Amino acid sequence: TRSRIRVIIYDEDEVHRAPMLHFLERRSLVDILADGTSLSDYAVKASPEEWRSQGHVLVFRSLYQQAVKCFQHSGDKHFELQAAGMMKIGEAKQKIAEGKPEDARKHYFSAALLFQAAEADAPQDNGGDLQVKLDSDAGHSLYNAGGYDLAGAMFSIAADAARREVDRVRLCKHGARCYDKAGKPLEAARMLLGAGRLKDALRILRDIKEYEEGVRVLEAAHAAGDEAAPALPESLSLPHFLQLAGNVLGRRVKEAGREAAAGRDAARRFLEIVGKMDASLEEFFLRQQGKAFGKELVEKLVGRGKHLE
C-alpha cells in the first residue's frame with residue numbers, strides 16, 4: 001500500500017534488517033526511534049473525505065470488500081451498500097464459473113436488494129444521477145437473476161428519472177428487453193416508444209392485437225411531429241390501426257349486444273374509433289353493424305346532406 005505521510009518500519013531481526021537499514025540511513029530517508037518510543041505521535045487520523053476518496057479508488061480497482069470498510073469509516077452508507085452490491089455481483093460471477101447457477105441467482109438478487117437500499121439512502125444531489133445509476137444496477141442484477149418483470153420496472157423507474165436523453169433511451173431499451181423476456185409485450189412496446197423505436201413498438205402492438213393502444217400511440221406521434229410517423233408502412237399506419245380496432249370492437253358489440261354492460265362499453269369505444277376515420281369509411285363501418293348503430297348512421301348522413309341515403 002502507499003502511505004499518506006510516512007511509513008513506520010518495525011523489524012526485530014538486527015542481522016537481516018542491516019542492509020536495508022544501512023541503505024536508508026545513507027540516503028537520509030529514515031529516522032531511528034529509540035526503544036520504548038510511542039508511535040501515537042506519528043499517527044494521523046484520516047478525514048471522512050479521505051476515506052471516501054480511497055473508497056472510490058478501491059471500487060475503481062474492483063476491490064469492493066476493502067472499499068466497504070473505507071465507506072464505513074467515511075460514514076457514506078449508500079456508497080457502502082453500493083460497494084457491497086458490486087461485491088455480490090463478483091460472487092455471482094464466481095458461482096457461474098463454478099457451474100452453480102442457482103447460487104449465482106441468489107447473489108444477483110442480494111446485489112439488487114443492496115442497490116435498492118443504497119438508492120433509498122442516497123442523498124438527493126447532482127440531479128439524481130446517483131439514484132439513476134443505482135436503479136440501473138438493480139435492474140441489471142434482477143435481469144441476471146431471472147427476475148425480468150422486476151428488472152423492467154427498475155429500468156422504467158430509472159428512465160423516468162434520467163436527465164439526459166441518451167441515458168433515458170438506453171434505459172428504455174434495457175427495460176424493453178426485460179419485459180420481452182418476462183412475456184409482457186405491451187410493457188415492452190411502451191419501453192420501445194421511450195427509446196424512440198416507434199416502428200418496433202407498433203409491430204408489437206399489432207401482433208398482440210392492442211389496436212386501440214396503437215391508435216393512441218400514432219395520434220401522439222403525429223401530434224408531436226415525430227418524423228418516423230409519416231414514413232411508416234401502410235400496415236403500421238393510423239388508418240390501418242383504426243380499421244383493425246373498428247373490426248374488433250364491432251364484433252364485440254355484436255357478440256355482447258349493445259344493451260349489455262360489455263356491449264355498451266365496446267359501442268362507446270367503437271364510435272370513438274370510427275369517428276376518427278374519414279367520412280366514407282366511417283359510414284361503411286356503421287352500415288356493417290346494421291340496426292345496432294342505425295341512429296348514429298342516420299345522424300351522420302343527415303349532417304352531411306345525404307338525405308336520400
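Values below: all heavy atoms of this structure, side chains included; hydrogens, waters and symmetry mates excluded. All residue numbers refer to positions in the sequence shown, counting from 1. As the structure is a prediction and not an experimental result, all values here were calculated from the model.
Taking each heavy atom of A67 and G55 in turn, the nearest pair found is CB-O, 3.6 Å. Closest non-hydrogen pair, A92 versus A104, comes out as O-CB, 3.5 Å. Contact detail for I89 and S141: the closest heavy-atom pair is CD1-OG, 3.7 Å. Of all non-hydrogen atoms in D121 and H78, the two that sit nearest each other are OD2-N, 3.3 Å. The two residues V253 and A267 have their closest heavy-atom pair at CG2-N, 3.5 Å. Contact between M86 and F115 at its shortest, heavy atoms only, is SD-CZ, 3.6 Å.
Side chains of Q54 and H73 form no contact here, defined as non-hydrogen atoms less than 4.5 Å apart. Counting heavy atoms from C-beta outward, R164 and D129 have side chains that approach closer than 4.5 Å. Considering only heavy atoms from C-beta on, E283 stays 4.5 Å or farther from L286 through its side chain. L205 is not listed as a side-chain neighbour of Y211, based on a closest heavy-atom distance of 4.5 Å or more. Under the 4.5 Å side-chain criterion, counting only non-hydrogen atoms from C-beta, Q66 is not in contact with K69. K276 has its side chain within reach of E219: a pair of non-hydrogen atoms, C-beta onward, lies under 4.5 Å apart. Counting only heavy atoms from C-beta outward, the side chains of R269 and R252 approach each other to under 4.5 Å. In this structure, the side chains of L249 and E212 come closer than 4.5 Å at one or more pairs of heavy atoms.
The cluster map of Ile, Leu, Val, Met, Phe, Trp and Tyr, joined by side-chain heavy atoms under 4.5 Å apart, puts V68 and V59 in different clusters. Criterion: ILVMFWY side-chain heavy atoms under 4.5 Å apart, direct or through other members. Under it, V298 and M277 are not part of a common hydrophobic cluster. Cluster annotation: L21 is connected to V7 through the hydrophobic network of ILVMFWY side chains, with a link wherever side-chain heavy atoms come within less than 4.5 Å. Following chains of ILVMFWY side-chain contacts shorter than 4.5 Å, one cannot reach W51 starting from L63, and the two form parts of different hydrophobic clusters. Clustering ILVMFWY residues whenever any of their side-chain heavy atoms sit less than 4.5 angstrom apart, transitively, puts L186 in a cluster other than the one holding I157.
For F71 and H56, the distance between ring centers is under 6.0 angstrom. Aromatic rings from F293 and F270 are positioned such that their centres are separated by under 6.0 Å. Y148 and Y179 have their aromatic ring centers separated by at least 6.0 angstrom.
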### Message
Before you tell me yes or no, could you show the steps for I32 and E25 under side chain to side chain contact (heavy atoms under 4.5 Å, CB included), namely the whole-Å CA-CA distance, both residues' side-chain angles and the distance that decides it to 0.1 Å?
### Response
CA-CA 9 Å; I32 308 299; E25 284 185 299; 3.7 Å; yes
### Message
salt bridge (charged side-chain N to carboxylate O under 4.0 Å, His left out) for K300 and E296? Distances and angles first, verdict last.
### Response
CA-CA 6 Å; K300 295 288 183 183; E296 287 81 2; over 6 Å; no
### Task
Could you check K77 against E80 for salt bridge (charged side-chain N to carboxylate O under 4.0 Å, His left out), going step by step and ending with a plain yes or no?
CA-CA 5 Å; K77 187 68 176 178; E80 176 192 340; 3.7 Å; yes
### Message
Between F241 and L202, is the side chain to side chain contact (heavy atoms under 4.5 Å, CB included) condition met? List the steps.
### Response
CA-CA 10 Å; F241 268 90; L202 288 170; 4.2 Å; yes
### Task
Show your reasoning for whether ring-ring contact (aromatic ring centres under 6.0 Å, His included) applies to H140 and F155.
CA-CA 9 Å; H140 285 296; F155 283 120; 4.9 Å; yes
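One finds the CG atom of L297 at 12.5 Å from the CZ atom of F284 (value rounded to the nearest 0.5 Å). A distance of 9.5 Å separates CG in L271 from CD in Q289, rounded to the nearest 0.5 Å. Note that CZ of R163 is 15.0 Å distant from CZ of R168, once rounded to the nearest 0.5 Å. Taking NZ from K184 and CZ from R190, the interatomic distance works out to 11.0 Å, rounded to the nearest 0.5 Å. If you take OH on Y108 and CG on L113, they are separated by 15.0 Å, rounding to the nearest 0.5 Å. With rounding to the nearest 0.5 angstrom, the CG atom of L142 is 10.5 Å from the CZ atom of R105.
One N or O on the side chain of R258 and one on the backbone of A292 form a donor-acceptor pair closer than 3.5 Å. For R264 (side chain) and E259 (main-chain N/O), a donor-acceptor pair under 3.5 Å exists by modelled atom type. Not one N or O on the side chain of S136 forms a donor-acceptor pair closer than 3.5 Å with the backbone of V132. A donor-acceptor pair under 3.5 Å links the side-chain atoms of R17 to the main chain of D11, judged by distance alone. Remark: the backbone N or O of V15 is paired with a side-chain donor or acceptor of D13 at under 3.5 angstrom. When atom types are taken as modelled, the side chain of Q131 and the backbone of P123 share a donor-acceptor pair closer than 3.5 angstrom.
Between E282 and R304 there is a salt bridge, since a side-chain N of the basic residue sits under 4.0 Å from a carboxylate O of the acidic one. One finds a salt bridge joining E91 and K88 here, because a Lys/Arg side-chain nitrogen approaches an Asp/Glu carboxylate oxygen to under 4.0 Å.
Residues Q94 and E98 bring a donor and an acceptor atom of their side chains to less than 3.5 Å of each other.
For the pair R177 and Y143, the cation sits on the ring face: its NZ or CZ lies under 6.0 Å from the ring centre, inside 45° of the axis.
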